[in-house]
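In the text below, chain A, chain B and the rest are named by the order of the sequence lines, each starting its count at 1.
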Amino acid sequence: MPVAPGQGACAFLIGGIMMSNEVRVRYAPSPTGHLHIGNARTALFNYLFARNKQGKFIIRIEDTDKKRNIAGGEESQLKYLKWLGMDWDESVDVGGEYGPYRQSERNDIYQTYYNQLLENGHAYKCYCTEAEIEAEREEQTERGETPHYSGKCRHLTAEERAKLESEGREPSIRMVVPEGKTFTFNDMVKGTVSFESEGMGDWVIIKKDGTPTYNFAVTIDDYLMKISHVLRGDDHISNTPKQLMVYEALGWEPPIFGHMTLIVNESRKKLSKRDESIIQFIEQYEELGYLPEALFNFITLLGWSPTGEEELYSKEEFIEIFDANRLSKSPALFDTNKLTWMNNQYMKKIEVDRVLELSMPHLVKAGRLSENLTEEEQQWAKSLVSLLQEKMSFGAEIVELSDMFFKEEAEFEEDAKEVLSGETVPQVLKAFSEELEKLENFKADEIKAAMKAVQKSTGQKGKNLFMPIRAAVSGQTHGPDLPQAIELLGKSKVLKRIQKLIG
RNA sequence: GGCCCCUUGGUCAAGUGGUUAAGACACCUCCCUUUCACGGAGGUAACACGGGUUCGAAUCCCGUAGGGGUCACCA
């Protein structure tokens with residue numbers, strides 16, 4: 001069966017031996033910052049694709065721009081990939097047979113190949129200075145042309161080169177862009193995409209400082225690391241022809257490319273790091289007490305959809321059902337609202353102890369609890385979390401949800417004031433406080449019984465019974481299960497609040 | 001501006017020539033619960049526009065409009 005160009009073969013014959021073409025994909029972060037949701041999604045789809053195909057998932061660190069690398073960037077990237085639940089087969093930390101996995105350690109490798117390109121005439125040294133190029137660009141712009149390098153160093157003679165070098169000029173190396181050529185590839189998500197070489201301009205593959213540029217390093221590495229599919233963000237699509245021309249110049253078979261849409265913000269633009277409408281770093285979600293499995297689930301459903309109607313999946317299920325053909329072609333907006341809902345779905349299902357773990361740091365930070373709790377306090381905190389668990393969307397929410405339990409006095413909302421102005425309220429509260437006084441243990445079931453007693457003695461029931469009590473005790477008309485909330489509040493605080501109202 | 005890509009409810013989205021155009025979030029209503037919440041049942045709401053092709057188009061083709069991406073010795 002013939003295979004479409006650029007499709008790559010699933011299997012091919014070498015010397016009569018059937019070699020299976022293993023799926024090898026990579027996530028290639030540049031350690032310039034923390035793990036971003038957009039990058040996390042790219043990593044996630046690569047991971048899912050690899051695991052679904054029983055292939056390899058590789059992480060390569062793209063640190064060719066020394067100026068932009070930040071301390072701890074690499075560790076942070078790996079840490080949060082792991083936190084989200086991913087694991088990998090080859091990388092800087094676990095090694096692998098195609099290393100090194102840090103581009104800054106592969107300079108000698110790049111050298112081999114740019115020398116090859118220099119020799120076969122696909123690349124040349126360029127002695128232009130930054131100022132010269134800038135001037136050229138300005139001229140072109142003034143003339144209304146699309147700025148691109150003119151290629152003036154392309155045909156330098158050996159003498160001219162020697163002269164420029166004797167002036168102390170450091171060369172960069174540029175790719176010779178073939179004229180009148182169309183680069184076409186079959187994109188896994190977009191279908192057939194093509195670019196004309198016209199107007200591209202001979203681009204730099206090696207900077208003056210000797211380090212490779214992104215498009216060059218990526219090509220060499222992807223090939224040498226036997227990457228079978230390059231699944232990356234849409235913003236890389238216009239880099240593809242540059243990379244294709246390197247593959248071609250070196251006589252290599254390119255991988256299959258797939259360009260996934262970007263995640264956009266509320267104004268439908270690519271997320272910028274400065275965007276404040278959306279929390280952008282995975283680290284921040286961890287800090288806020290989100291669940292990694294929920295985030296994993298949510299991000300996977302951004303730009304990809306399963307066949308059925310179910311939306312909640314575990315990592316294992318996603319691996320099972322992942323199909324790159326179902327990647328969306330149009331950009332997705334990050335809907336915080338839905339993430340919140342989804343995280344709550346997971347929150348309701350996990351063990352109380354885990355919710356407690358997610359909540360404690362926030363209670364401590366808010367000054368509600370101290371770090372070292374007595375056995376009794378620990379128990380109380382656990383009950384509190386357990387009571388609020390089903391309402392929590394993420395850990396940090398515990399602070400506002402538990403507000404009423406930490407205030408000496410209730411703060412009354414408008415609705416609550418209205419409830420408390422009811423005619424029958426005083427008698428209900430009075431009766432209730434008398435019932436509470438009698439209680440030995442002050443446990444939820446006793447409290448519930450006390451309410452029952454109040455109902456009998458006052459004749460008030462339903463809303464007329466519960467709302468005044470809730471409002472008096474919490475200052476609100478909404479909240480968690482009343483008897484339990486009252487138990488947690490504690491006898492003295494509850495009585496004090498009620499007595500204050502009935503004078 | 002050049003090049004490339006995209007366009008189904010407010011949002012995420014299913015849909016691959018014939019459907020009453022799924023489902024989820026959000027919103028609204030009702031039911032359940034002696035309160036609240038949970039849960040359950042309903043509801044409002046979409047194929048950007050204009051031409052073709054076809055017996056038939058959200059689906060195919062061509063335009064138009066809108067949006068986005070990218071144009072570095074950044075990745």
Side-chain angles (χ1 to χ4, degrees), chain A residues 28-32 39 62-65 67-69 103 126 128-130 133-134 137 141 144-149 170-174 187 189-191 193-196 198-201 203-215 217-218 232-241 259 261-262 264 266-270 298 301-312 326 328-342 345 348 387-388 390-391 419 451-452 455 460-471 474 476-483 485:
Chain A
S30 127
T32 53
N39 293 131
E62 314 225 316
D63 56 350
T64 53
D65 187 353
K67 294 180 286 264
R68 299 207 325 162
N69 296 338
Q103 291 187 326
C126 167
C128 294
T129 62
E130 222 170 294
I133 287 166
E134 185 52 36
R137 222 191 304 262
T141 311
E145 293 169 16
T146 313
H148 64 266
Y149 182 65
E170 292 287 326
S172 59
I173 299 175
R174 286 183 187 267
D187 193 278
V189 351
K190 312 262 187 205
V193 180
S194 57
F195 290 88
E196 304 294 329
E198 195 62 41
M200 253 196 251
W203 51 283
V204 172
I205 60 173
I206 302 293
K207 306 174 211 169
K208 277 195 198 325
D209 67 3
T211 58
T213 57
Y214 169 76
N215 283 305
V218 149
R232 61 192 0 172
D234 213 348
D235 49 343
H236 282 291
I237 199 160
S238 54
N239 285 323
T240 312
H259 291 92
T261 57
L262 271 12
V264 296
E266 277 151 351
S267 27
R268 305 235 136 241
K269 296 210 166 77
K270 175 181 173 179
F298 181 72
L301 259 23
L302 230 42
W304 183 85
S305 62
T307 37
E309 287 175 2
E310 186 56 46
E311 305 223 45
L312 268 17
R326 300 186 62 81
S328 170
K329 283 180 157 191
S330 47
L333 190 124
F334 192 92
D335 185 358
T336 309
N337 203 9
K338 188 154 182 178
L339 200 216
T340 301
W341 168 81
M342 192 171 280
Q345 295 296 306
K348 285 195 273 202
L387 175 65
L388 266 10
E390 66 172 26
K391 286 179 185 299
V419 166
M451 288 189 204
K452 197 90 185 168
Q455 186 202 322
Q460 299 301 325
K461 58 178 184 176
K463 256 193 171 114
N464 290 333
L465 171 67
F466 286 92
M467 284 311 243
I469 295 177
R470 179 180 290 283
S474 72
Q476 296 167 3
T477 53
H478 302 270
D481 185 78
L482 237 200

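Here A/Glu62 lies in heavy-atom contact (under 4.0 Å) with sugar-phosphate atoms only. Among the protein residues, A/Ser194 comes within range of the sugar-phosphate backbone only, with heavy atoms under 4.0 Å from sugar or phosphate atoms but none that close to a base. Counting any heavy atom pair closer than 4.0 Å across all strands shown, A/Arg232 reaches no nucleic acid atom. Residue contacts shown for A/Lys208 include a base, since a base heavy atom lies under 4.0 Å away. A/His259 comes within 4.0 angstrom of no nucleic acid atom, judged by non-hydrogen atoms across all strands. Within the nucleic acid shown, A/Arg68 comes within 4.0 Å of at least one base atom, counting heavy atoms only. In this structure, A/Gly479 reaches the bases: a heavy-atom distance under 4.0 Å links it to at least one base atom across the strands shown. Looking at heavy-atom distances under 4.0 Å, A/Gln476 makes no contact with the nucleic acid at all. Within the 4.0 angstrom heavy-atom criterion, only backbone atoms of the sugar-phosphate kind lie near A/Leu302; the bases stay farther away. Residue A/Asp481 is in base contact, counting any heavy-atom pair closer than 4.0 Å across all strands shown. Using a 4.0 Å heavy-atom distance criterion, A/Ser330 is classed as a sugar-phosphate-only contact.
Between A/Ile133 atom CD1 and B/C71 atom C1' the separation is 15 Å, expressed in whole Å.
Taking only side-chain nitrogens and oxygens, A/Lys207 comes nearer than 4.0 Å to OP1 or OP2 of B/C74. OP1 or OP2 of B/A75 has at least one side-chain nitrogen or oxygen of A/Thr64 nearer than 4.0 Å.
Checked for salt-bridge contact, A/Asp187 and A/Lys190 miss the test: no charged N lies under 4.0 Å from a carboxylate O.
Base pairing analysis places B/C32 opposite nothing; no Watson-Crick or G-U wobble pair with both distances below 3.5 Å involves it. Pair assignment for B/A48: B/U64, on the basis of Watson-Crick or G-U wobble contacts that are both within less than 3.5 Å. When both pairing distances are held under 3.5 Å, B/U59 makes no Watson-Crick or G-U pair with any nucleotide shown. Summarising the base pairing, B/C73 is matched to no nucleotide, lacking a Watson-Crick or G-U wobble pair whose two defining distances lie under 3.5 Å.
The aromatic ring of A/Phe466 sits over the base of B/U35, with ring centres less than 5.5 Å apart and planes tilted by under 30°.
Taking 4.5 Å as the limit, every side-chain heavy atom of A/Gln460 sits out of range of all side-chain heavy atoms of A/Gln455.
Remark: the A/Asn239 side chain and the B/A75 base include a donor-acceptor N/O pair separated by less than 3.5 Å.
Nearest to the side chain of A/Lys338, among B/C12, B/C74, B/C73, sits B/C12.
Residue A/Ser305 is the one, among A/Lys348 and A/Ser305, whose nearest nucleotide of RNA chain B lies closer to the 5' end (criterion: closest heavy atom).
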